[in-house]
Each structure stands twice: as C-alpha cells, then as structure tokens.
Amino acid sequence: MSKTPSKTPQAIRGTQDIFGAEAEAFAFVVETFERVRKLYRFRRVEMPVFERTEVFSRAIGETTDVVSKEMYSFEDRGGESLTLRPEFTAGMARAYITNGWQQHAPVKLATHGPLFRYERPQKGRYRQFHQLDAEIIGAGEPQADVELLAMADQLLRELGISGVTLQLNTLGDADSRDAWRAALVAYFREVRGELSEDSQERLDKNPLRILDSKDARDRRFVADAPRIDQFLSDEALRFFESVTSGLDAAGVKWARAESLVRGLDYYRHTAFEFVPDEGSAAAAALGSQSTILGGGRYDGLMESLGGPPTSAVGWAAGIERLAMLLDPTSPSRFVDMRQNRAFKADLAALELVPSAREDERVTAQLANLLRRLDISVVTTFSGKPQRRFEKARDHGHARSVGSFGRRGDKFELYLVNRTLDDPDFEALSNRLQQNGEFKFEACSVRRTHSGVAAHVWTVS
RNA sequence: GCGAUCGUAGCUCAGUUGGUUAGAGCGCCGGUUUGUGGUACCGGAGGUCGCGGGUUCGAACCCCGUCGAUCGCCCCA
C-alpha cells in the first residue's frame, strides 16, 4: 500500500488476493471436498451469490448479529433490497421451496463459494470468505445427522488435519429449547448486576450465548446454570442418543459440549462444531478463531420462509481456516523450496531453457510436444541465455531443468533433476522416443564431477 | 462498534539520544564465469520514509490528525 500510486484503487478491506502456496492450499481443500462429497453422493448445486434481503432476515433471525449488523445489503435499480449471502443455508432452503426440490427429497446437496459479512477482519476471518457447505434436506432421521458428520470427519482426515475434535450438543426440539431458554433467563436474571456488560445484553438478546462467555465474571455462574438435559423431552433424548450411538458405530470421535449453542435462531436438536484441541498446533494456527466447521439440524427453517414443514441438517466449513491447518511439512503434498514452501502441485515437471537465442523456437516447439505427452513444462526465454539454466536450477519452479539446443548438426536435450525425488527418466525417455516430431535417440547418463546424474538425449 | 501494535526499495527488514547525498539481504537488469543436488564473481536500476499538518536551525525519528495493515474483544466459518 505504502508506495502504491494514489491513482490505484485499494482492495476492499477484508478481501484477499490469494496466491502461491496459499492458493494451492485453498484449491487442495476444495478438491478434497469435491472428492469426498462424491463418495457420499452429495449432489453439486450452484447458488446465487445474492438474494432478496428477506431470505436471510427471515431465515436467520432479525435479532442475530449476522442480520442486524453484518449484512451487505443494497437496493438494486428497481428499488428491491438485496443482500450478498452471509451464509448458504437460507438460500438453499429458498431454492428447495421455489424449485420444488421436494420431489427429490431427501436430497443431499453440496456447494462451495464466497460469502460476505461486514465484520472487522482478523486472523482467519474476512469480509469475503469462503465456505464448503453440505446439507441433507427432507430427512428427519438421526441417521442423516450421523452420515453428515461422518462425511465431515472423513473430510478432515483426508485433509490431514489433526488435533481437532467434534463438539456435540443437542438443543432439543422447539419445546425443550424454549423451556431451557426460559429457565436460563430466570437463573441469570437473579444475578444480572454481577454479569459482564456483554452478558447483560445477551440476557435480552441471546441468553444461550452467556454459556460460552469467556469472561470470568460470567463463568462462575455458568457452572450451576440449568442444563438442557433437564428439559429434554423423551423424544428429543431418544433422538440425541441415536445420533451419538450412530457416531460411535461409524467410528467418529466426539465430545459432549453442554454449553455449545449455535448463533443462529433456526437450530434444533443436533448442534455441533469441529474445534481445535486446546494447546494443539491447530489451535495456535487459527488464532482466536476456533470453529473450523459447524452446523446442526434446522427443522423449523423452511416454515419461516413460507415453505412446508421440512426437516434438514447441514454444516459449513471455512475454506481459509481449513487451509491454515494443512501441514506444510507433510512430505506427501509439499516440497520445501528454500524458505518458500510450495505445493508439489505448484511445481512443473520440467523447466526448459534454450541453450542459445537461436534455439528459442525449437525449444518452444519441444515444450509443446512435451505438454501433449502430458508433461507440465514451463519455459524461460528472458534474461541472458547462458544464465537461464543456472537460474532455473537455483530458483526455478520445476522439478527438473532441461537445456535444449543445437549441438553440431544435431540437437541435445540436457536434463538435470532439482528435487530429491527423482522422476522416472526411463518412462520419460520412452515417451520421448514415441513422438513423430523429434527423433530422440537413446538416453545416456553423464556423471558430473559432483556425482550428479545428467540425462542427455541426442535429437535429430 | 471498542482496544492494542505497526506503516522506510518489488519482498523481508536495518536506520544509534532528531544532525550531510536513507542502508542491507533477496528479487530484477547488465557483464564475467560455469553446463548443474539448491551458496560463483563484478556492476547497475529502483525510495515524495503511507498521507496531511505541527514543533525545531534541522524530522524516517517528537506531537496531532487521517488512511491502511495486523492481532484481540464482540460475533462467527
């Protein structure tokens, strides 16, 4: 920003330009999600990025922070109030109703993309951020909750994320939740004056939230506060037990979190979050943002949008937060390049440089041939010819570096490996000899004085 | 909305209690050297010290304002 000319517009606060290793990590999260979602046969949907404002205000609840102060709302030219989606669920519920997706019920849906919330940015939190999202709509059985959570658990495992546990709670059905809420209000009202300022406000707006206050003034009362279990109807209790036993059967580890309440009004029964364990590397990587994946059952939501009673469960996960938890030292996915960490996926197989200026055109030709043979190639034509090779070797972006050019009346491809994992030169050699454009003679291996193997093909 | 810290070259940062033409490493460009496991040598370009005002003989440095960034509170993915 410092010396950007004043004419250049600045990026919007809280937006990100993601590049390099971070972009690779982001893509890896999305690709893994796509793979896992197919294993569970969740169907891909594409959703609009904006909706009528009432879709969110009615579904999420007027009093929530999201609706009351975090939405990007604006009037379009027709005077309609529109809002950039702050979450996926409300829009998916609207789509379910307006498109008659009931005919497919129960439907398992998956999507991902950008969401917008007007908040102060900090670590792991942005104004435009990105989520993965999975929903099962039209299924009221606890098995749906179990399957949804099993998918989340598998996703985290396939991403190689550890030190994170599933925190699980039930909010009961509507009656249980209301009774519990009334009891909490009565309990905390007694000691209102001794609560933190924030919690005094929460008492009116969102009393359940007092339970996970970090303020010591609140915590001493939280311990003895009424618990949801005392208010659970038989049916609600049975539902929760089916979910937990199903998770055990599926091998999904979980921990009961009695004070876990989700921020949005529509949750019923199951509520859950995947949270880093205290003191873990994951917790350190995330800063003060703890939840990486959260969701629950939202049986009342459809009705609030004027649809038929429909039960549903879903979760959303922050792509940026998941990406921060990927292990950059994991040898299976990353390679260490000096101080810069780059994903292997970000490295081309081969960097090709012409040995002299007059060899530039044949080199480009060879690069194209190699790409048709499914070998990723980057070329370097800038800078001094003699120094290109050296530069590519020392600072390049490929696993191997090759120099190509005239050698007498023939050409020569001189290839050296830069990374510790040697490519399959024999296979490469076979592939090279199969093409029709260049005639590759057999590969020979030369040892340099330092003992490094250089692979050389004579080409005519 | 509140609080803390920070803005010096493309990047990461030095810059001594305020004192001549503001420095380094990396990167970039050029020259020399060399075909090679991440470290060859020499040279060069590049900075309104975020911006505006104030204090001072003199400000990158002190003061005020402003914009931006980072981290935290609230809340959330």
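Chain naming here is simple, since letters A, B, ... match the order of the sequence lines and numbering starts at 1 in each.
If you check G35(B), G1(B), C67(B) against the side chain of Gln10(A), the one that comes closest is C67(B). With distances taken from any side-chain atom of Phe389(A) to the nucleotides G68(B), C74(B), G35(B), the minimum falls on G35(B).
With Thr291(A) contributing its side chain and Gly294(A) its backbone, the two residues share no donor-acceptor pair below 3.5 Å.
Listed in residue order, the members of residues 311-320 of chain A having a heavy atom less than 4.0 Å from RNA chain B are Ala316(A), Gly318(A).
Straight-line distance between the P atoms of A9(B) and G50(B): roughly 8 Å, to the nearest whole Å. Spacing of P atoms, U48(B) relative to C11(B), comes out at 13 Å, to the nearest Å. G54(B) and G18(B) have their C1' atoms separated by 15 Å, given to the nearest Å.
G46(B) has its base anti relative to the sugar, with a glycosidic angle deviating from 0 by more than 90°.
Residue contacts shown for Gly287(A) are limited to sugar-phosphate atoms, with no base heavy atom under 4.0 Å away. Within 4.0 Å of Glu70(A), counting heavy atoms only, lie sugar-phosphate atoms of the nucleic acid but no base atom. Residue Arg202(A) is in sugar-phosphate contact alone, with no base atom involved, counting any heavy-atom pair closer than 4.0 Å across all strands shown. Nucleic acid contact for Leu132(A): none, since no nucleic acid atom lies under 4.0 Å from a heavy atom of the residue.
Residue Gln16(A) forms a side-chain hydrogen bond (donor to acceptor under 3.5 Å, both in side chains) with just one option from Glu22(A), Gln128(A), Glu320(A), and that option is Glu320(A).
Taking the six-membered ring wherever Trp is involved, the centroid distance between the rings of His112(A) and Phe88(A) does not fall below 6.0 Å.
The phosphate of C71(B) has neither OP1 nor OP2 within less than 4.0 Å of any side-chain N or O from Gln122(A). Note on Arg120(A): every side-chain N or O is 4.0 Å or more away from OP1 and OP2 of C2(B). Close to C73(B), at under 4.0 Å from its OP1 or OP2, lies a side-chain N or O of Ser288(A).
Paired regions of RNA chain B, where each region holds three or more successive Watson-Crick or G-U pairs whose two hydrogen-bonding distances fall under 3.5 Å, are B:1-7 with B:67-73, B:10-13 with B:23-26, B:28-32 with B:40-44, B:50-54 with B:62-66.
Arg127(A) is not listed as a side-chain neighbour of Arg117(A), based on a closest heavy-atom distance of 4.5 Å or more.
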